[in-house]
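What follows is one structure encoded as structure tokens, with my remarks underneath.
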Amino acid sequence: QLQLVESGGGLVQPGGSLRLSCVASGSTLDWYVIGWFRQAPGKAREWISCISITGNGTNYRDSVKGRFTISRDNARNTVYLQMNSLKPEDTAVYYCAAQSWINAGIKLNSCLRSGMEYDYWGQGTQVTISS
């Protein structure tokens, strides 16, 4: 059974940076599509970014394009979300999620944007942007 653990959250000032990590155990991440989501207090969970199993396919929601970068290191069984130029509106609990590429039914360089398409979730890490 795949298990995901996020880390790297914290309190930073606007304009600062954080790198979130999503470490997998119980299975290799090689054949899993990975997504990052966030949920702010009183708001619905929203998709942020995703990465294909090859690492060559990535997607971002418009509000984080140019500021966030998703990457994966299959040798470390880890996916990262580098977040730069952080804004107060980025404050949320951040979650990573995984779905088997075989079950996803998508192309090798594609990834998933809907939370409903992911079967495995981490417990989340808090990111707070405040001065």
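It should be emphasised that the depicted structure is a prediction, and the values quoted were computed from it without experimental measurement.
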What donor-acceptor contacts under 3.5 angstrom involve side-chain atoms of residues 108-115, with partners at least two apart or in another chain?
from	atom 1	to	atom 2	distance (Å)
Asn109	OD1	Thr54	OG1	2.4
Arg113	NH2	Asn59	OD1	3.2
Ser114	OG	Met116	N	3.2

Quiz prompt | Residues which pass side-chain hydrogen bond (donor to acceptor under 3.5 Å, both in side chains) with Ser100, listed by chain and number, not counting sequence neighbours | solution = none

Self-check item: By side-chain hydrogen bond (donor to acceptor under 3.5 Å, both in side chains) - contacts of Gln39 (at least two apart)
Solution: none

Exercise. Check salt bridge (charged side-chain N to carboxylate O under 4.0 Å, His left out) between Asp73 and all other residues, then give those that pass, not counting sequence neighbours.
Key: Arg76

Salt bridge (Lys or Arg N to Asp or Glu O under 4.0 Å) pairs, two or more places apart, involving [range]:
range: residues 90-110; result: Arg38-Asp90, Arg67-Asp90
range: residues 117-131; result: none
range: residues 52-62; result: Glu46-Arg61, Asp62-Lys65

Quiz prompt | Backbone N/O of Gly57 and side chain of Ser52: donor-acceptor pair under 3.5 Å | solution = yes

Distance-only donor-acceptor pairs under 3.5 Å for side chains of residues 15-29, two or more places apart:
from	atom 1	to	atom 2	distance (Å)
Ser17	OG	Asn84	OD1	2.9
Thr28	OG1	Asp30	N	3.3
Thr28	OG1	Asp30	OD1	2.7

Quiz item: Minimum heavy-atom separation for Ser131 to Pro14, with atom names?
Solution: N-CD, 3.7 Å

Quiz item: Within a radius of less than 6.0 Å around CH2 of Trp31, do more than 12 heavy atoms belonging to other residues, nucleotides or ligands occur?
Solution: no

Self-check item: Pairwise ring-ring contact (aromatic ring centres under 6.0 Å, His included) hits with a residue in residues 79-100, at least two apart
Solution: none

Would you be so kind as to tabulate the donor-acceptor pairs closer than 3.5 Å made by side chains of residues 1-8, with sequence neighbours excluded?
from	atom 1	to	atom 2	distance (Å)
Glu6	OE1	Gln123	N	3.0
Glu6	OE1	Gly124	N	2.8
Glu6	OE2	Cys96	N	2.8
Glu6	OE2	Gly124	N	3.3

Quiz item: Do Trp36 and Ile70 come close enough that some side-chain heavy atom pair is under 4.5 Å?
Solution: yes

Quiz item: Residues in ring-ring contact (aromatic ring centres under 6.0 Å, His included) with Tyr118, at least two apart?
Solution: Phe37

